[in-house]
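Quick notes on the structure that follows.
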Amino acid sequence: MSLPEKFTKPYNAAETEDRISKLWEESGFFNPDNLPGDRKEVFSMVLPPPNVTGVLHMGHALTITLEDIMTRFHRMKGASTLWIPGADHAAVATQAKVENEIYKKEGKTRKDLGREELLRRIIEFAEASKETIIKQTKRMGASVDWSRFAFTLDEKRSFAVRTAFKKMHDAGLIYRGYRIVNWDPKGQTTLSDDEVTHEERKAKLYTFKYSKEFPITIATTRPETKLGDTAVAVNPSDARYKKYIGKEYDIDFAGAKLHIKIVGDESVDPAFGTGALGVTPAHSIIDAEIAERHKLPMIPVINEYARIILDLPGLKDKKVAEAREIIVEWLKKESLLEKEEEVTHNVALSYRTNGVIEPLPKLQWFIAASKEFDHFDKKTTLKKIMRKPVENGEIEIIPDHFKKTYFHWVDDLRDWCISRQIWYGHRIPVWYCQACGPAHGGDMAKCAEPIVRIEDVKKCPHCGGPVEQDPDTLDTWFSSALWTFSTLGWPEDSKDLKTFHPTNVLETGYEILFFWVARMILMSGFFLNEIPFKTVYLHGTIRDTKGKKMSKSLGNAVDPLDMIAKYGTDAIRMSLVVGTAPGTDSKIDENKIRAYKHFANKIWNIARFVLENTEDLEEVKVTATKDKELWNVFENLKKDMTKDIGEFRFYLASEKIYHYLWHEFADNIIEESKTVLKTREKNSRQMLLKMILEESLKLLHPFMPFVTEEIWQLMKKPNLLAIEKWPV
RNA sequence: GGGCGCUUAGUUCAGUUGGUUAGAACAUUCGCUUCACACGCGAAAGGUCGCAGGUUCGAGUCCUGCAGCGCCCACCA
């Protein structure tokens, strides 16, 4: 065998990678159904579906790299290996993005376009985005099974979502309630508690009385909401206010007629502020809870556009900020304002649109987290379903300390608001009779019930009257929570589901531990009475060189595709893995990427040397004592690496093979071989060189699949390296 | 306010259950167009492992306290 011409030039990643990608794709081996041999072990995993809002970023590159390492490793180890790719419709984010673009380009809002047209435009955008994601995932070398690609909003997943909704509703766990919810006036939708972030901002705290006659002073940063106050709460043991508890006052407050009851409530901290709290049941979750305890009425003051809805001259339709000034002016004029001070407080923001959250009472759909119900012959709650498998070790979380974070979240969890007032997403499978009652020969009470169905409902099953579907859509995380089994064919009792569920590993960023990981445990537990995965591997956030989070708006994002073009995919993959411990943030360093480009070339030249010097090799055994020793060292490396990868220490395994190949194999063994090959021990040494090269390529393959496969192919091996047997 | 984590060479980070002179990459210095590779080779310099105690035959590694940084959750009106 003469040495291929290619080896006279440095390794060219750009020329190689596309060709190798095609080779893999044509082989079909990324689909477990096509894998050769008898494979008893199973290894399955889902790729966290990227949002269809955009393009691949460094976080995706890291996820793909880590998951591909696991997948390729287990495939080579002889497992029936399935890694499912997909995309997430990311309802709020995607709709907000498209609406934004349309408004910028055409000056049109969602109302101008209407539901149907806006949806058409979003779907168009999502489709294009999906294509981009697929192309980019392929460039990363991901050995996913494209034939099983799933989209959270495709037909099969929609069916799963509707089935899930119906079943949970029938179990009494999905209910409709009029509650204070997190309303995002910018995105025009509700959000779950987890979709709200907090940011410190400066604000003014006003201390005042409602009226001159009112005995208690209160404080607030939001005077405009005080138009909806129905009580003042004080701590029942507070000596200053004890005598007022139970008393009621009628007050004229900036034109609004308030009826304020003084109530005693343990939740009030006597040491804070004036020790008295103006209760606004309609616009504060805490206040609503107090109101519930004391049966206080709720007066909505602010609407979905963050404007005043009370019919008060000078205030109606005013934005909250304006209304605030008007109220403050009024307080000053009436000499009711006692103090005005600057404070920093946390403002609630939408994690998708960054709009300021306005707590509003709304009729929404919820999932009951703490309600007890019968589940496979046992009493349980969804919280317990989430807590138990992590507690008893059925599910392992790496790194371990995230367990604590997880338990805190589960224990504090309130009911999950799942309805969203946007158009893009899974429409809630609920219909309402439009013509209730006896006029249609129906039963008034029955007709008033929401009709929950998996299939579309055309007319009221009770009276035959017209029906209308709930206009809302479901939280994106509802559909992604089903992901481990909806991608495998559920609710059908499919072969895939039996074979590949529970999945082995769920690898993702720690920032979506609650959003996604916890909710998958919930759904899988509820529907299948089974864990969704055995191990959760959490990776950190990739930050810029200054340690800042990368974001498009900051302009500090490093595009993995640029890096691939410059240094090759293998180099990016190695730079993302080596020295990156789980759960720890890391900074992107171009120098590091360049170093692994050099490493790819080093491998290339190692291969060249070995092939050049073993052309006349006769198949013999390694006989020389020294060679046997060297082989033993390598055997130990193999065992070590295998253990490391199996135990999720990719950062160690990758560094070990790097170090061995460069500083042991190349620097010592090859250098020494230049003289050994001139001695009587030539044959033994040739055999050693060849064996180490071939097995090293296998060991390195999960990390640097392209350069290793390319060399393997140039060695005219009959099989793909991707399905070669792991050497341990 | 509650919780979690981090602090190791100039920089970015490893250090897996405590065990021989604390590692890597990049950067730096010096010398090399040596016949696999200048995307390289050889050599060198660089750390009181945040601070203070403690446990131990032995601590970067375990415990306590302190300081600085970061993250998450809750939210105080």
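Owing to the predicted nature of the structure, the values given are computational and were not obtained by experimental measurement. Protein chains get the first letters and strands the later ones, always in sequence-line order, with residue 1 at the start of each.
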Which whole number of Å gives the distance between the [atom1] atom of [N] and that of [M]?
N: B:C49; M: B:A36; atom1: P; result: 44 Å
N: B:U8; M: B:G3; atom1: P; result: 25 Å
N: B:C51; M: B:A67; atom1: C1'; result: 7 Å
N: B:C32; M: B:U21; atom1: C1'; result: 30 Å
N: B:U56; M: B:G18; atom1: C1'; result: 9 Å
N: B:U12; M: B:A27; atom1: C1'; result: 11 Å
N: B:G10; M: B:A45; atom1: C1'; result: 12 Å
N: B:C37; M: B:G15; atom1: P; result: 36 Å

Side-chain N or O of [X] less than 4.0 angstrom from OP1 or OP2 on [N]?
X: A:Lys587; N: B:U12; value: yes
X: A:Lys674; N: B:A36; value: yes
X: A:Tyr11; N: B:C37; value: no
X: A:His345; N: B:A77; value: yes
X: A:His663; N: B:G40; value: no

Looking only at side-chain atoms of [X], point me to the closest of [options].
X: A:Leu277; options: B:G40, B:A25, B:A77; value: B:A77
X: A:Trp662; options: B:C37, B:A77, B:C41; value: B:C41
X: A:Asp412; options: B:C73, B:U16, B:C39; value: B:C73
X: A:Asp644; options: B:C39, B:U16, B:C76; value: B:U16
X: A:Lys602; options: B:A77, B:G5, B:A36; value: B:A36
X: A:Thr584; options: B:A14, B:C71, B:A74; value: B:A14

Counting any heavy atom closer than 4.0 Å, what does [X] reach on the DNA or RNA strands: base, sugar-phosphate only, or nothing?
X: A:Asp667; value: sugar-phosphate
X: A:Thr274; value: nothing
X: A:Gly579; value: sugar-phosphate
X: A:Asn346; value: base
X: A:His283; value: nothing
X: A:Asn591; value: sugar-phosphate
X: A:Ile670; value: base
X: A:Arg608; value: sugar-phosphate
X: A:Lys643; value: nothing
X: A:Tyr658; value: sugar-phosphate
X: A:Glu647; value: nothing
X: A:Ala666; value: base

query = Taking N and O atoms by type only, does the side chain of A:Lys597 place a donor or acceptor under 3.5 Å from a partner on the base of B:C39?
reply = yes
ask   = Is there a donor in the side chain of A:His539 and an acceptor in the side chain of A:Glu507, or the other way round, less than 3.5 Å apart?
value = yes
Distance-only donor-acceptor check, side chains A:Asp194 and A:Ser192, under 3.5 Å =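 A:Ser192 and A:Asp194 do not have a side-chain donor-acceptor pair below 3.5 Å.
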Watson-Crick or G-U counterpart of [N], or none if no pair lies under 3.5 Å:
N: B:A45; answer: none
N: B:C4; answer: B:G70
N: B:A25; answer: B:U11
N: B:U17; answer: none
N: B:G65; answer: B:C51

message = My understanding is that only one of A:Glu17, A:Arg573, A:Glu710 makes a side-chain contact (heavy atoms from CB on, under 4.5 Å) with A:Pro705; could you say which?
response = A:Arg573
ask   = Which word best sums up how the rings of A:Tyr241 and A:Tyr244 line up, parallel for under 30°, tilted for 30 to 60°, or perpendicular for over 60°?
value = tilted
message = Just checking A:Phe703 against A:Phe599, ring centres under 6.0 Å apart?
response = no
query = How about A:Phe514 and A:Thr405: do any of their side-chain heavy atoms sit closer than 4.5 Å?
reply = yes
key: Residue whose closest nucleotide on RNA chain B lies nearer the 5' end, A:Glu655 versus A:Thr197   =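 Looking at RNA chain B, the more 5' nearest nucleotide goes with A:Glu655.
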